[in-house]
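What follows is a set of notes on a single structure, which appears directly below.
Remember, it's 1-based here, ligands and their atoms both numbered in the order they're listed. Any value given below was found using the heavy atoms of this structure, including those in side chains, with hydrogens, waters and symmetry copies removed.
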Amino acid sequence: MKRLSVLGSTGSIGRQTLELVRKYPEELSVAALSANASVDLLEEQVREFRPGIVCVYDADAAKELRERLRDLSGTTVTEGMNGLLEAASCDEADMTVVAVVGMIGIRPTIAAIEAGKTIALANKETLVTAGHIIVPMLGKYGVSLYPIDSEHSAIFQSLQTLSGARDAFFGGHPSVKRILLTASGGPFRGRTKEEMENYTVEDALKHPNWSMGRKITVDSATMVNKGLEMMEARWLFGLRPDQIRVVIHPQSVLHSAVEFIDGAVIGQMGTPDMRLPIEYAICYPERKEQIADQLDLFTVGKLEFLRPDEENFPAFALAGEVLERDYGYGAMTGTTLPVVYNAANEYAVARFLEGECGFMDIPRMIRRAVDEHRVVSAPTLVQILDAEAETYELLKR
Ligand code: MG
């Protein structure tokens with residue numbers, strides 16, 4: 001029996017993780033759950049899965065849930081960051097699924113590693129902003145980390161052809177030439193900057209292939225999502241920036257691939273369905289039956305591959321620049337640049353979703369924050385969180 005702590009259990013990845021537990025009750029169980037404030041759904045989840053700990057980040061919502069669960073014994077309701085750390089590292093869990101959104105994921109991931117939990121990581125920000133802290137810790141505590149992000153899962157699956165590739169941190173392998181990180185291109189692929197200037201929240205939320213949360217759907221439209229994935233892949237697979245190539249692939253059938261030095265390209269294909277990468281991370285190295293719909297290549301017919309459009313997607317081009325500059329400080333050093341890139345994007349997307357700025361203001365705000373930032377190399381956790389707060393302050397001015 002594998003016992004899971006699911007952080008962010010009311011979000012899209014969290015709910016699909018619980019769907020997997022529901023499907024395999026003999027093999028998977030829930031030790032802890034956490035959510036920000038969605039009390040209704042969290043209450044249902046607690047009653048169904050009976051975790052020992054449930055954390056509600058928001059204190060008022062935690063009080064509400066405690067009230068509602070008074071008839072239930074065996075579940076402790078915790079709150080705030082301390083509650084989240086407790087849920088991430090509780091004794092009863094074997095694996096921590098980090099599916100919270102944002103930099104709030106860093107500390108619980110660290111706590112889970114320190115407690116020796118296997119990590120299934122859906123949170124991008126953790127490796128993007130704190131890869132230089134997390135990666136050495138995995139070695140020190142002998143902990144495995146499996147990616148849930150579909151592209152990184154595809155790369156991880158493709159690396160399985162190398163003997164001994166039991167861990168994602170295996171890509172800095174001499175046989176690996178580079179990775180091909182695929183991107184659908186989002187709803188605005190083929191449009192110009194001028195056209196996108198007046199695009200609305202509604203336009204941006206129409207993703208052609210994947211159904212995801214609001215923030216990540218906007219990130220897909222700006223291609224910031226792919227930029228963050230490049231930064232994540234660098235840490236996850238131990239790659240240099242020039243070993244990461246983004247390929248626009250509108251059909252979202254090839255989920256990413258690895259190029260080997262002998263010319264072989266091995267990739268993972270499938271229907272666009274997050275249930276598969278979730279299953280692979282949680283059940284690795286086993287594969288379960290009927291997780292995602294079977295891919296029918298005859299229905300797909302043809303696959304296209306295009307170069308990314310850096311001219312009209314300036315936030316994506318900037319991600320490449322940030323990655324290069326950051327890597328320039330040292331392969332394992334890390335800087336606050338990705339923190340600023342990520343925080344500025346978070347701020348800008350929140351404004352955009354509130355209708356307070358235009359779509360193309362998102363890349364402009366990120367550019368401004370990155371340009372005005374004074375870089376700190378090898379930042380501590382405190383310095384990372386400071387850089388985040390400073391970025392928000394700068395953009396509010
Ligand atoms: Mg992805």
Problem - Counterpart residues, ring pair (Phe, Tyr, Trp, His ring centres under 6.0 Å), relative to His249 (two or more places apart) - result: Phe305
Exercise for the section: Kindly indicate whether the side chain of Arg189, heavy atoms from C-beta on, has any atom under 4.5 Å from the side chain of Leu306. Expected result: yes
Exercise for the section: Spell out, yes or no, whether Leu323 and Met332 are grouped together once hydrophobic residues are joined by side-chain heavy atoms under 4.5 Å, including indirect joins. Expected result: yes
Problem - Within-2.8 Å protein N/O/S contacts of the Mg ion (ligand 1) - result: Asp149 OD1, Glu151 OE1, Glu229 OE2
Problem - From CA spacing to verdict: salt bridge (charged side-chain N to carboxylate O under 4.0 Å, His left out), Arg364, Glu197 - result: CA-CA 11 Å; Arg364 279 193 281 269; Glu197 205 64 71; 2.6 Å; yes
Handout entry: Any donor-acceptor N/O pair, Glu48 side chain to Gln45 backbone, under 3.5 Å
Key = no
Practice task
Report yes or no: do Tyr341 and Glu321 form a side-chain donor-acceptor pair below 3.5 Å?
Solution key: no
